Protein chains: 2
Amino acid sequence: MSTAGLRTRDAILERAVDLASAEGLEGLTIGRLAAEMEMSKSGLFRHFGAKEELQLATVDAAARRFVEGVVAPALEREPGRPRLDALCELYLDHLESQVFAGGCFWGATAHEFDDRPGAVRDAIRDAVAAWLALLTEESRNAGAPDPEQFAFELQALAQGANLRYRLFGEEKAFVLARTAIARRLAAAGSGDRA
Amino acid sequence: MSTAGLRTRDAILERAVDLASAEGLEGLTIGRLAAEMEMSKSGLFRHFGAKEELQLATVDAAARRFVEGVVAPALEREPGRPRLDALCELYLDHLESQVFAGGCFWGATAHEFDDRPGAVRDAIRDAVAAWLALLTEESRNAGAPDPEQFAFELQALAQGANLRYRLFGEEKAFVLARTAIARRLAAAGSGDRA
DNA sequence: CCTACCGATCGGTAGG
DNA sequence: CCTACCGATCGGTAGG
């Protein structure tokens with residue numbers, strides 16, 4: 001494929017991630033995406049060959065965006081507490097930022113596909129699993145007594161804030177999450193059970 | 001409308017709640033619902049008159065089911081700690097039970113409609129808000145130092161377990177949530193910050 | 001409740 | 001990359 005073709009494909013996928021974050025991966029229709037890109041349906045379709053390939057490529061693009069915005073910057077900090085702090089802060093910032101329209105991508109698509117076996121669900125599952133594994137590993141490195149429990153709570157509190165923010169527009173949702181998470185991080189540092 | 005008509009309508013809505021829990025309120029199509037009820041599309045359609053009315057009636061039926069299974073039984077316990085314990089236990093049981101196919105209804109539909117202004121989103125929002133208000137009120141009655149914070153955490157941890165269970169099939173998700181919630185309930189009882 | 005239909009849109013294909 | 005299609009399905013209507 002030509003470089004121009006690849007650039008077009010990347011541009012399509014950027015738009016697809018934002019659209020799927022709002023409308024879901026089924027609501028992401030080829031006709032609508034083509035209209036927004038100002039190209040023909042078939043022109044866009046030929047970049048992927050099937051709806052499912054578009055969905056898989058969109059999941060992949062969303063994962064790359066998440067790694068770029070959250071994971072990679074946190075990995076620049078030393079392992080243990082500084083990195084865990086950075087992961088939590090960057091994750092909450094990522095969810096909170098209006099600029100980043102993909103904030104709800106994982107929450108939205110995970111709920112949409114959790115009952116639909118197939119390659120798309122597997123891709124979503126793998127991406128979420130990798131994130132939870134990273135959170136667990138850094139919780140362990142930071143000295144949390146039960147890293148898996150700790151990672152579960154961090155993830156649940158952040159996603160809980162995200163849903164409240166999206167559904168009610170309550171900006172205090174992230175205050176609630178930050179308060180809860182700060183308390184657990186402090187307890188982990190002091191050796192208490194969080 | 002005749003009693004038979006009402007019975008048919010209720011039967012349709014029971015099926016609609018289960019279908020929407022799995023496929024979302026947009027995936028809940030009139031044609032598919034009619035096929036599952038073994039009636040014609042137009043016969044089913046006439047019970048509601050518009051897709052949005054079907055969606056609103058489905059949200060209402062899901063709310064009634066949730067009140068029946070979780071809220072009403074908990075309200076039989078005395079206010080304060082016993083009622084808060086019952087709310088948490090019944091909520092987690094409700095999410096965990098495979099029998100109750102509507103377990104994911106609120107998680108699924110809230111994410112689906114959080115970006116779609118309209119009557120359906122408002123109905124979902126009202127139902128979730130009523131549940132959060134009840135959790136907050138009983139957290140206050142149970143002596144939690146910050147009832148709103150407490151209710152937020154309970155809700156987030158339960159929904160976090162639900163998503164992990166649905167996406168990964170991990171039964172331990174509810175063990176993680178029960179552990180986290182028990183710790184907070186214990187701290188609330190002792191007057192500590194949870 | 002039914003059959004028979006409407007225009008719009010879906011994913012996808014043919015041919016250029 | 002395009003125009004011009006395909007059959008299937010969508011929400012909804014006419015008429016009984």
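What you see is a predicted model, and the numbers here were worked out from it, not measured in a lab. Proteins come first, then strands; the chains are lettered A, B, ... in the order of their sequence lines, and each starts at number 1.
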Could you summarise the pairing of DNA chain D as dot-bracket text, marking Watson-Crick and G-U pairs under 3.5 Å with ( ) or [ ] inside the strand and | across strands? ||||||||||||||||

Look at the side-chain heavy atoms of Ile, Leu, Val, Met, Phe, Trp and Tyr, link any pair under 4.5 Å apart, and say whether Leu25(A) and Val17(A) land in one connected group. yes

Please check if atom CD in Glu36(B) has more than 12 non-hydrogen atoms from other residues, nucleotides or ligands closer than 6.0 Å. yes

Steps toward side-chain contact (heavy atoms from CB on, under 4.5 Å) verdict (Leu54(B), Leu33(B)): CA-CA 11 Å; Leu54(B) 168 62; Leu33(B) 189 53; 4.1 Å; yes

dC2(D) phosphate, OP1 or OP2: any side-chain N/O from Ser40(A) under 4.0 angstrom? yes

Have Gln159(B) and Trp106(B) got a donor and an acceptor in their side chains that come within less than 3.5 Å? no

Yes or no on salt bridge (charged side-chain N to carboxylate O under 4.0 Å, His left out) for Arg7(A) and Asp10(A), after CA distance, side-chain angles and deciding distance? CA-CA 5 Å; Arg7(A) 241 182 302 139; Asp10(A) 285 347; over 6 Å; no

Report, one pair per line, the protein and nucleotides 9-12 of chain C atoms (nitrogen or oxygen only) whose separation is under 3.5 Å.
| unit_1 | atom_1 | unit_2 | atom_2 | d |
| --- | --- | --- | --- | --- |
| dC10(C) | OP1 | Thr29(A) | OG1 | 2.8 |
| dG11(C) | OP1 | Lys51(A) | NZ | 2.7 |
| dG11(C) | OP2 | Ile30(A) | N | 3.0 |
| dG11(C) | N7 | Lys41(A) | NZ | 3.1 |
| dG11(C) | O6 | Lys41(A) | NZ | 3.3 |
| dG12(C) | OP2 | Lys51(A) | N | 2.4 |

Using a strict 4.0 Å threshold on nitrogen-to-oxygen distance, state whether Arg77(B) and Glu89(B) make a salt bridge. no

Using 30° and 60° as the class boundaries, would you call the ring planes of His111(A) and His111(B) parallel, tilted or perpendicular? parallel

Grab the CD-C1' distance between Glu38(B) and dC1(C) for me, whole Å please. 15 Å

What one should report as the nearest heavy-atom pair of Phe113(A) and Glu26(A) is CZ-OE2, 3.8 Å

Between CE of Met37(A) and C1' of dC2(D) the distance, given in whole Å, is 16 Å

Output the rounded distance in Å from CG (Leu44(B)) to P (dC1(C)). 9 Å

